[in-house]
Chemist: 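For reference, the structure I am asking about is given below.
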Amino acid sequence: MTDFNRSVLPDAVRSNGATPNPWWANAVVYQIYPRSFQDTNGDGIGDLKGITSRLDYLADLGVDVLWLSPVYRSPQDDNGYDISDYQDIDPLFGTLEDMDELLAEAHRRGLKIVMDLVVNHTSDEHAWFQASRDKDDPHADWYWWRPARPGHEPGTPGAEPNRWGSYFGGSAWQYDPKRGEYYLHQFSRKQPDLNWENPEVRKAVYRMMNWWMDRGIDGFRMDVITLISKHLDSHGRLPGEVDSELSEGEIGEEGYTNASPFCSDGPRLDEFLAEMRREVFEGREGYMNVGEAPGITPERNEFITNPAHKELDMLFLFDHVGVDQEGSKWNTVPFEVRNLRARLADQQEAVRNAGWASLFFCNHDQPRVVSRWGNDSDRESRELSAKAFGMLLHMHRGTPYIYEGEELGMTNAHFTELGQYRDLEAINAYRQRVEEARCQSPESMMAALALIGRDNSRTPMQWDASRYAGFTPADAATEPWIGVNPNHVEINAAEEFDDPDSVYGFYKKLIAMRHNSATVATGEWNLVAADSEQVYSFTRTGGDDTILVMVNLTGRTARVPAEVARLLGNGVSESQVLLSTYDAVHGVKSIARGELARWEGVVIQL
């Protein structure tokens with residue numbers, strides 16, 4: 001890893017408890033959703049050559065690592081998170097040679113490439129699964145196969161091995177006539193879960209991972225990796241199976257029980273992750289691995305990311321992105337600053353002594369934060385609230401993740417019809433909740449999709465004001481695979497690139513602070529004014545250096561909390577304002593009045 005964009009943290013600075021400090025302790029990661037980033041062949045779908053063509057943009061932004069959502073061969077049932085061949089590139093995105101070129105060009109610019117990896121499940125078109133449909137094949141036990149319940153006709157309602165529901169709607173079990181049994185799929189029926197209890201499955205996964213590492217990639221982001229260990233009774237039965245010693249819980253409003261408590265953070269998770277570390281990563285230099293971690297608490301994050309335990313470098317926790325949901329994901333409630341602060345504070349406190357935090361608001365599964373919790377109704381509100389949430393996130397302790405277009409203040413899609421959505425989760429959820437279970441009205445469900453649906457983050461990257469936002473040629477015969485946000489005329493990279501006051505310019509400053517300030521990268525984090533309804537404040541301290549971060553996360557004027565005012569004493573000078581969502585002069589005047597303007601955030605040298 002080159003330090004092309006970053007100063008190296010001295011060993012005297014403590015990061016996650018490792019010695020020496022890992023290279024990623026002051027790095028910034030940028031997630032690319034290849035399908036929506038840059039199309040070079042006019043087919044309406046982004047590709048690897050498109051990513052290569054935009055590397056200079058990413059190098060200018062200053063990020064260190066590029067995380068690519070899956071580009072492996074896939075039927076694209078779940079946009080590539082259903083992999084049919086781990087060791088090939090899907091023709092939609094290009095070839096292995098295109099991947100090699102991207103790696104070489106990224107490395108030449110000091111950028112690392114981390115690939116998304118899905119090993120909780122495969123596609124049902126993967127050779128492993130096809131072989132497992134034969135009970136006499138060596139792969140027969142590579143997936144979770146179970147017979148129909150006694151007394152029921154296989155393939156009919158009620159014959160499923162238990163009553164688990166899928167995250168994508170309907171039963172988590174699919175009947176296969178060829179094998180005469182059901183297979184488990186926590187997600188789409190075309191995404192059967194791998195049986196990690198089988199050591200041959202694990203060996204095959206590690207061989208594949210080593211193949212990619214040897215090819216030159218710099219690590220993996222591992223999709224739903226904390227679901228690979230299932231809870232079993234003493235006879236190897238899943239909860240709710242006939243004669244199982246484990247209950248599967250109560251049936252929910254959609255007509256199914258919840259598999260999450262029995263598939264998240266299972267009893268062998270630490271064993272599997274430590275084994276993966278030994279078999280794939282030990283002895284290698286300069287890599288990074290991060291796991292998507294549904295069901296993981298901040299306390300478990302500390303254990304798994306503690307370098308002494310040799311599991312993963314980082315995890316993505318989700319408690320903070322559920323603060324506007326109650327019960328079902330699709331039952332949304334108003335955003336409150338105190339709820340977000342409480343969740344992020346828990347995450348920060350848990351890794352105070354060891355381990356590490358991943359910092360994110362947006363990704364391919366989350367909506368745009370500026371629309372979700374900010375205000376995108378007009379240009380000024382959008383830019384200010386985008387900067388406010390950017391400042392808040394990047395000033396925490398951990399590794400920040402930027403999702404493509406977040407650095408521009410890109411907004412939700414604002415779709416109004418179900419036909420505009422492409423996401424399997426959204427379409428299935430509407431059918432399940434509105435048409436089948438009838439537990440939500442069409443109007444309420446459409447409002448929820450517009451606020452938190454995954455397609456909000458998947459509209460094409462907005463490069464310029466041309467017909468298709470520069471994502472695909474304006475005269476292309478094929479339209480983009482999903483609609484371009486009409487506001488690309490005002491919100492685009494060409495408009496913001498040379499403007500230091502733009503959201504893009506603001507993100508460049510945030511990244512530079514992470515690179516050049518050991519206090520921002522690794523300093524202690526301490527919450528201030530825990531009870532404020534509008535203002536989120538904390539300090540970062542490294543040695544004798546202390547900075548104060550104070551952000552008004554609302555669209556109305558807020559009083560500076562009394563605890564913060566005491567820290568500021570007789571006020572601040574312009575030279576003490578390291579960064580502001582407005583400007584230094586505005587920040588000084590606001591503090592003198594004892595208030596913060598709407599969406600005003602300031603970073604102050606104490």
Side-chain angles (χ1 to χ4, degrees), residues 29-59 65-119 121-130 190-191 204-223 280 287-288 364 404 422 458 460-461 463 468 470-473 476-482:
V29 184
Y30 187 97
Q31 183 190 359
I32 291 174
Y33 198 66
R35 173 181 285 267
S36 299
F37 194 63
Q38 181 67 69
D39 171 26
T40 60
N41 61 6
D43 66 354
I45 297 174
D47 45 54
L48 292 175
K49 286 185 177 295
I51 299 171
T52 303
S53 74
R54 295 293 188 177
L55 289 175
D56 287 341
Y57 167 87
L58 297 165
V65 184
L66 309 181
W67 151 28
L68 310 185
S69 283
V71 291
Y72 315 93
R73 190 175 288 271
S74 166
Q76 302 295 321
D77 184 59
D78 186 25
N79 284 3
Y81 284 86
D82 50 317
I83 300 170
S84 58
D85 187 342
Y86 287 106
Q87 293 176 225
D88 198 7
I89 299 296
D90 195 283
L92 280 175
F93 303 118
T95 64
L96 280 169
E97 290 71 27
D98 293 337
M99 185 69 200
D100 291 338
E101 179 187 19
L102 172 58
L103 282 168
E105 289 300 314
H107 290 165
R108 189 168 67 82
R109 291 167 173 81
L111 299 168
K112 280 186 176 288
I113 299 286
V114 167
M115 291 185 73
D116 218 321
L117 182 66
V118 190
V119 289
H121 49 266
T122 69
S123 166
D124 65 346
E125 297 183 29
H126 196 289
W128 297 346
F129 181 79
Q130 290 300 313
K190 290 183 65 62
Q191 294 172 297
V205 168
Y206 304 152
R207 282 195 299 271
M208 173 269 295
M209 294 174 72
N210 274 303
W211 183 86
W212 276 110
M213 294 295 288
D214 292 343
R215 200 172 188 100
I217 71 164
D218 303 293
F220 294 100
R221 176 270 185 186
M222 302 175 201
D223 188 68
V280 180
Y287 67 85
M288 184 186 89
H364 65 290
E404 65 178 40
R422 302 291 179 265
R458 300 178 180 185
M461 178 70 173
W463 295 107
Y468 297 129
F471 163 71
T472 199
T478 304
E479 293 188 351
W481 71 278
I482 191 170

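Sequential numbering from 1 along the given sequence is applied to the chain's residues.
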Chemist: Checking Lys112 against Asp218 for the salt bridge (charged side-chain N to carboxylate O under 4.0 Å, His left out) test, could you report, in this order, the C-alpha distance in whole Å, the side-chain angles of both residues, the deciding distance, and whether it holds?
Modeler: CA-CA 6 Å; Lys112 280 186 176 288; Asp218 303 293; 3.5 Å; yes
Chemist: Go through it in stages, so that I can follow the logic: the residues are Arg458 and Arg35, the test is side chain to side chain contact (heavy atoms under 4.5 Å, CB included), and I'd like the CA-CA distance, side-chain angles, deciding distance and then a yes or no.
Modeler: CA-CA 8 Å; Arg458 300 178 180 185; Arg35 173 181 285 267; over 6 Å; no
Chemist: Heavy-atom count check: over 12 atoms from other residues, nucleotides or ligands less than 6.0 Å from Gln87 CD?
Modeler: yes
Chemist: What is the minimum heavy-atom distance between Ala476 and Gly42, and which atoms define it?
Modeler: CB-O, 4.1 Å
Chemist: Rounded at 0.5 Å granularity, tell me how far CD1 in Ile83 sits from CH2 in Trp128.
Modeler: 9.5 Å
Chemist: Do Val29 and Val114 touch side chain to side chain, with heavy atoms closer than 4.5 Å?
Modeler: no
Chemist: Please lay out, stage by stage, how Glu125 and Asp77 fare under the test side chain to side chain contact (heavy atoms under 4.5 Å, CB included).
Modeler: CA-CA 11 Å; Glu125 297 183 29; Asp77 184 59; over 6 Å; no
Chemist: Quick one: list whatever passes salt bridge (Lys or Arg N to Asp or Glu O under 4.0 Å) with Asp39, sequence neighbours left out.
Modeler: none
Chemist: Could I get the full list of side-chain contact (heavy atoms from CB on, under 4.5 Å) partners for Ser74, not counting sequence neighbours?
Modeler: Gln76, Asp82, Asp90
Chemist: Testing the basics here: between Tyr468 and Pro473, what is the closest heavy-atom pair and its distance to 0.1 Å?
Modeler: CD1-O, 3.3 Å
Chemist: How far apart are the closest heavy atoms of Asp85 and His126, and which atoms are they?
Modeler: N-CD2, 4.1 Å
Chemist: Please check this pair: side chain of Asp47 against backbone of Gly94, looking for a donor-acceptor N/O pair closer than 3.5 Å.
Modeler: no
Chemist: Check Leu48 against Leu102 and note the closest heavy-atom contact, atom names and distance.
Modeler: CD2-CD2, 4.0 Å
Chemist: Can you name the residues that form a side-chain contact (heavy atoms from CB on, under 4.5 Å) with Ile32, not counting sequence neighbours?
Modeler: Tyr30, Pro34, Phe37, Ile51, Leu58, Leu66, Leu68, Glu404
Chemist: Over 60° means perpendicular and under 30° means parallel, so tell me whether Tyr72 and Tyr86 are parallel, tilted or perpendicular.
Modeler: perpendicular
Chemist: Decide yes or no on salt bridge (charged side-chain N to carboxylate O under 4.0 Å, His left out) for Arg54 and Asp56, but give the supporting numbers first.
Modeler: CA-CA 6 Å; Arg54 295 293 188 177; Asp56 287 341; over 6 Å; no
Chemist: Before you tell me yes or no, could you show the steps for Trp211 and Arg215 under side chain to side chain contact (heavy atoms under 4.5 Å, CB included), namely the whole-Å CA-CA distance, both residues' side-chain angles and the distance that decides it to 0.1 Å?
Modeler: CA-CA 6 Å; Trp211 183 86; Arg215 200 172 188 100; 3.4 Å; yes
Chemist: Asp88: which residues meet the salt bridge (Lys or Arg N to Asp or Glu O under 4.0 Å) condition with it, sequence neighbours left out?
Modeler: Arg73
Chemist: Taking Gln191 for the side chain and Asp124 for the main chain, is one N or O donor matched with an acceptor at less than 3.5 Å?
Modeler: no
Chemist: For Arg422, enumerate each residue passing the salt bridge (Lys or Arg N to Asp or Glu O under 4.0 Å) test, keeping only those at least two apart in sequence or located in another chain.
Modeler: none
Chemist: Closest approach of Phe471 and Pro480, non-hydrogen atoms and distance?
Modeler: CE2-CB, 3.9 Å
Chemist: Nearest 0.5 Å, what's the OG1-NZ distance between Thr122 and Lys190?
Modeler: 10.0 Å
Chemist: Output all residues satisfying ring-ring contact (aromatic ring centres under 6.0 Å, His included) with Phe129, sequence neighbours left out; order by chain, then residue number.
Modeler: Tyr143, Trp145, Tyr183
Chemist: Is any side-chain heavy atom of Gln38 closer than 4.5 Å to a side-chain heavy atom of Thr52?
Modeler: no
Chemist: As a quick check of understanding, evaluate side chain to side chain contact (heavy atoms under 4.5 Å, CB included) for Met99 and Ile113, giving each step before the final call.
Modeler: CA-CA 10 Å; Met99 185 69 200; Ile113 299 286; 4.0 Å; yes
Chemist: Can you name the closest pair of heavy atoms from Tyr33 and Ser69 and give their distance?
Modeler: CD1-OG, 3.5 Å
Chemist: Do Asn79 and Trp481 have side chains that approach each other closer than 4.5 Å (heavy atoms only, starting at C-beta)?
Modeler: yes
Chemist: I need the Lys49 NZ to Glu105 CD distance, nearest 0.5 Å.
Modeler: 10.5 Å
Chemist: Look at the side chain of Asp98 and the backbone N and O of Thr95, then say whether any donor-acceptor pair between them is shorter than 3.5 Å.
Modeler: yes
Chemist: Can you confirm whether Trp67 sits close enough to Met288 that some side-chain heavy atom of one is under 4.5 Å from a side-chain heavy atom of the other?
Modeler: no
Chemist: Rounded at 0.5 Å granularity, tell me how far CD1 in Ile45 sits from CZ in Phe93.
Modeler: 7.0 Å
